[in-house]
Peer 1: 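Here it is: the structure, laid out below.
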Amino acid sequence: MRRPALLLVLPLLLAAGCAPNGAEPADGPSTGTHHAEAFNQRAAEVAETWRPAPDWRTGYVPLEGPTLLPGDPRFTPDTEAAFRAGWYREQVPIPPTRVGGEIRFPDGRLTVPLVSAAEAYRQLDQGDPLPCPGRPKRPGLPPPGGPTVEPGPDGWATSTTQTACLSLTVTGVRYGTVPVRTSRGEAQVPAWLFTVEELATPVVRLAVAATAVTPVSEPSVPARPLPDGLVAAQDLTATDGARLTVRLGVGACDSGITPLVWERSDVVVVGGSVTRGTGVCPAVLKLAPVTVTLAAPLGARPVLDVFTGAPLSIAPR
């Protein structure tokens, strides 16, 4: 459920400009206080205008997924490319039987329809790798038609700069539940866990049918640029009690990247401040991870972006 915040922030970065490394900052010593005041004012407005739909507290509104990795997959460049592209091949029968299940929230339970393992696999599998003439379909195999040179001590001598035409091999599937951040806090959600030969962790596809999923509420804060020196939050990468790891959208030459957070009992607003410089800077948006510590554990509170007012989702791995 990634939102298009990157496109929203980029015009601000282009307009603001920044300096090459080593340039003197344009802001004076009181900039930090000024940025904090501007951020707090905007954050309070975002919080006041936040009006989620009724299903936010009664339905299923996932803030991550629907494809997850529950642990470190130990990616190689080839397997990560295949995972991002959705290239899979099954080596076991995948059952088409539909089942029902329930989601367990901190504040209750919700019975929902589920998709079958076969349907989940169809959603997961996005096709086959692109044609790669002369390259192996799986790492370690000689190219089609045999080797072009004699094998060396580490296998066939093929170019290390090319990516193998690799699909991930599904060797098993089982039904289970996984923790998912939702609008009602962290819930245990039914899922299909696909064992993949090339990865150190299963690939999870959430099993809740689309008819039971409520979309994330739209923000209602008035659209206008942030004050210069403030930047938006793009997404969350982790939540752990009162600690949040957020990715800020910053300019290529921004310095002094500082996370900013505003909270009250029902909502958290995040963003950041940067120091701009004078001069010419590449018009490139960078994602800068920062960590903030809240005054209290996050719980079920939404984390809103100070620019768009939208709830932040956890970024795909």
Side-chain angles (χ1 to χ4, degrees), residues 1-9 43 45-69 84 86 98-116 119-126 177-192 203-223 232-239 244 246-247 249 266-271 287 298-317:
M1 300 182 299
R2 185 189 294 269
R3 62 195 181 88
L6 298 179
L7 299 179
L8 296 173
V9 178
E45 181 182 9
V46 166
E48 287 299 322
T49 57
W50 170 244
R51 297 289 185 274
D55 284 346
W56 185 264
R57 293 298 180 209
T58 60
Y60 171 55
V61 186
L63 298 177
E64 59 180 308
T67 301
L68 308 173
L69 292 169
R84 303 294 179 198
R98 293 193 180 205
V99 296
E102 66 174 18
I103 302 172
R104 299 194 302 274
F105 299 97
D107 62 354
R109 302 187 177 202
L110 180 66
T111 301
V112 291
L114 305 181
V115 300
S116 68
E119 289 174 287
Y121 180 76
R122 283 194 293 269
Q123 296 167 358
L124 193 67
D125 184 14
Q126 297 301 304
T177 61
V178 294
V180 175
R181 176 156 177 79
T182 75
S183 62
R184 297 164 62 178
E186 186 174 273
Q188 292 295 321
V189 178
W192 293 105
V203 174
V204 173
R205 183 73 186 188
L206 299 183
V208 180
T211 54
V213 178
T214 300
V216 175
S217 299
E218 293 294 327
S220 55
V221 67
Q234 303 297 313
D235 51 36
L236 293 167
T237 59
T239 63
L244 309 178
V246 181
R247 294 197 297 183
D266 62 332
V267 68
V268 173
V269 183
V270 294
L287 297 180
L298 178 62
R301 291 182 292 174
V303 181
L304 308 180
D305 166 38
V306 72
F307 176 37
T308 63
L312 297 181
S313 298
I314 294 182
R317 292 176 184 264

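Model, not experiment: these values are computed from the prediction.
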Peer 1: Please examine the side chains of V115 and R205, heavy atoms only from C-beta on, and report whether any two atoms are closer than 4.5 Å.
Peer 2: no
Peer 1: Where is the tightest heavy-atom contact between A300 and G185, given as atom of each residue plus distance?
Peer 2: CB-N, 3.7 Å
Peer 1: With sequence neighbours left out, what residues match P179 under side chain to side chain contact (heavy atoms under 4.5 Å, CB included)?
Peer 2: E186, Q188
Peer 1: Taking all non-hydrogen atoms of both residues, which atom of G59 and which atom of L110 are closest, and how far apart?
Peer 2: C-CD2, 4.1 Å
Peer 1: Please name all residues satisfying salt bridge (Lys or Arg N to Asp or Glu O under 4.0 Å) with D55, sequence neighbours left out, ordered by chain then number.
Peer 2: none
Peer 1: Give the minimum heavy-atom separation between A233 and V270, together with the two atoms involved.
Peer 2: CB-CG2, 3.8 Å
Peer 1: In Å, rounded to the nearest 0.5 Å, how long is the span from OG1 of T182 to CD of E64?
Peer 2: 9.5 Å
Peer 1: Looking at every non-hydrogen atom in both residues, tell me the closest pair between D305 and V269 and how far apart they are.
Peer 2: C-CG1, 4.4 Å
Peer 1: Are the side chains of V268 and L304 in contact, using a 4.5 Å heavy-atom criterion?
Peer 2: no
Peer 1: So, taking the atom named CD1 in I314 and the one named CG in L68, what distance separates them when rounded to the nearest 0.5 Å?
Peer 2: 9.0 Å
Peer 1: Does the side chain of V208 reach to within under 4.5 Å of the side chain of L114, using non-hydrogen atoms?
Peer 2: yes
Peer 1: About how many Å separate CG of L312 and CD of Q234, when rounded to the nearest 0.5 Å?
Peer 2: 8.5 Å
Peer 1: Side-chain contact test, heavy atoms from C-beta onward, threshold under 4.5 Å: evaluate it for V267 versus P302 and give yes or no.
Peer 2: yes
Peer 1: Contact between P62 and V189 at the side-chain level, heavy atoms closer than 4.5 Å - yes or no?
Peer 2: no
Peer 1: Considering all heavy atoms of both residues, which atom of V216 and which atom of W56 are nearest to each other, and what is their separation?
Peer 2: CG1-CZ3, 4.2 Å
Peer 1: If you take all heavy atoms of V61 and P215, which pair is closest and at what distance?
Peer 2: CG1-O, 4.0 Å
Peer 1: Within the side chain of R184, is there an N or O that forms a donor-acceptor pair under 3.5 Å with the backbone of T58?
Peer 2: yes
Peer 1: For the atom pair OG1 (T111) and CD1 (I103), what is the distance rounded to the nearest 0.5 Å?
Peer 2: 9.5 Å
Peer 1: Return the set of residues passing salt bridge (Lys or Arg N to Asp or Glu O under 4.0 Å) with R181 (not counting sequence neighbours), or none when no residue passes.
Peer 2: none
Peer 1: Would you check if L124 and W192 make a side-chain contact, meaning some heavy-atom pair closer than 4.5 Å?
Peer 2: no
Peer 1: Measuring from F105:CZ to R57:CZ, what's the distance to the nearest 0.5 Å?
Peer 2: 11.0 Å
